[in-house]
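Okay, so here's the structure we're looking at.
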Number of protein chains: 2
Amino acid sequence: MKWTELSDNWCPVARTLSIVGDRWTLLILRDCFLGLSRFEQFIESSGMTRHILAERLKRLVEAGILERRLYSDGPKRYDYVLTDKGQELAPALMTLKDWGKKHMPVRRATSA
Amino acid sequence: MKWTELSDNWCPVARTLSIVGDRWTLLILRDCFLGLSRFEQFIESSGMTRHILAERLKRLVEAGILERRLYSDGPKRYDYVLTDKGQELAPALMTLKDWGKKHMPVRRATSA
DNA sequence: TTGCCATAGTTCCAAAACGAAACTTAGGGA
DNA sequence: TCCCTAAGTTTCGTTTTGGAACTATGGCAA
């Protein structure tokens, strides 16, 4: 079974994961909760490649979790902000944060 | 940057995701919380391939989230149970469940 | 004692996703 | 005119995934 087919699974956890349960998506959302909204900011903060970021942002917008917003006419530039639906993922991020603080101590410093 | 390098990230969310933030891992844990513990049960419940399941179980055991437990001598058989560390992921699963129930309605029934 | 069954994996291979780096597009400003 | 910013897109080699078949170990029944 492919992972994408989970979107219609009987289990709400599986349905949620069909959107946010891959390698980087929740990290983008973390950045949103930290107040970041632009492409280059996500790149710098998360360390993911532009390629993947672009694809994930597209999916998050389609899913109604982020909104793509024109912030500069002139050279047209867009940024990304959480919708209400996206905001409601805050508790999930909090629980993951709490678990990480308790159970995943840092071994050595990294740049990102 | 590779996703596995997140284990030493400054951010506890990132560190957590370096273990549970890939395509099937949280679904295995969901099954554990539902009381499942055996290889064939995970296969049937989640729909993932044996290949991936074996790899994920190994990582979860290494991470101290599951314990591999001999449940039958005779033909040596092992099952997998949550450690205390694993149990503490319950709140995360709950928040993902709640979000899914609210924001990801089912469109059509599926077998799994 | 032979042969089938259950259960937990492993192996193989093709297809899809990822990662790194270069390239593109659309103005702004010196 | 030329370089800069910022949001992507393209290309291509590597890694991961998905599907299916295969292996290992012993129980049990004929």
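What you see below is based on every heavy atom in this structure, not just the backbone, and it leaves out hydrogens, waters and symmetry mates. The sequence lines fix the lettering, A, B, ..., with proteins before strands; numbering per chain opens at 1. Computed from a prediction, not measured in an experiment: that's the story for all the values here.
- Membership of the apolar cluster around A:Leu70 extends to A:Tyr78, as traced through chained side-chain contacts below 4.5 Å between ILVMFWY residues.
- The backbone N or O of A:Ala63 sits less than 3.5 Å from a side-chain atom of A:Lys85, completing a donor-acceptor pair.
- When each of A:Ser45, A:Ser37, A:Ser46 is tested with A:Asp31 by the rule side-chain hydrogen bond (donor to acceptor under 3.5 Å, both in side chains), just one qualifies, namely A:Ser45.
- Of the two residues near DNA chain D, A:Gln41 and A:Lys2, the one whose nearest nucleotide lies more 5' is A:Gln41.
- In summary, contact between chain B and DNA chain C, defined as any nucleotide atom under 4.0 Å from a heavy atom of the protein, begins and ends at C:dA6 to C:dA20 in the 5' to 3' direction.
- With a heavy-atom cut-off of 4.0 Å to chain B, the contacted part of DNA chain D has its first and last nucleotide at D:dT17 to D:dG27.
- A:Phe42 does not carry A:Arg50 over the face of its six-membered ring by the limits of under 6.0 Å from the centre and within 45° of the normal.
- Within the 3.5 Å criterion, the main-chain N or O of A:Arg38 finds a donor-acceptor partner in the side chain of A:Gln41.
- Taking a 4.0 Å limit (strictly below) on heavy-atom distances, residues 20-36 of chain B reaches DNA chain C at B:Arg23.
- B:Tyr71 comes within 4.0 angstrom of sugar-phosphate atoms only, judged by non-hydrogen atoms across all strands, and of no base.
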Below 3.5 Å, can you tabulate the donor-acceptor pairs from side chains in residues 17-28 of chain A to any protein atom, sequence neighbours excluded?
from    : atom 1 : to      : atom 2 : distance (Å)
A:Ser18 : OG     : A:Arg15 : O      : 2.6
A:Asp22 : OD1    : A:Thr25 : N      : 3.4
A:Asp22 : OD1    : A:Thr25 : OG1    : 2.5
A:Asp22 : OD1    : A:Arg56 : NE     : 3.4
A:Asp22 : OD2    : A:Thr25 : OG1    : 3.4
A:Asp22 : OD2    : A:Arg56 : NE     : 2.8
A:Asp22 : OD2    : A:Arg56 : NH2    : 3.4
A:Asp22 : OD2    : A:Arg59 : NH2    : 2.8
A:Thr25 : OG1    : A:Arg56 : NE     : 3.4

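- Within the 4.0 angstrom heavy-atom criterion, only backbone atoms of the sugar-phosphate kind lie near A:Tyr80; the bases stay farther away.
- Contacts with DNA chain C (heavy atom under 4.0 Å) in residues 51-62 of chain A: A:His51, A:Ile52, A:Arg56, listed by number.
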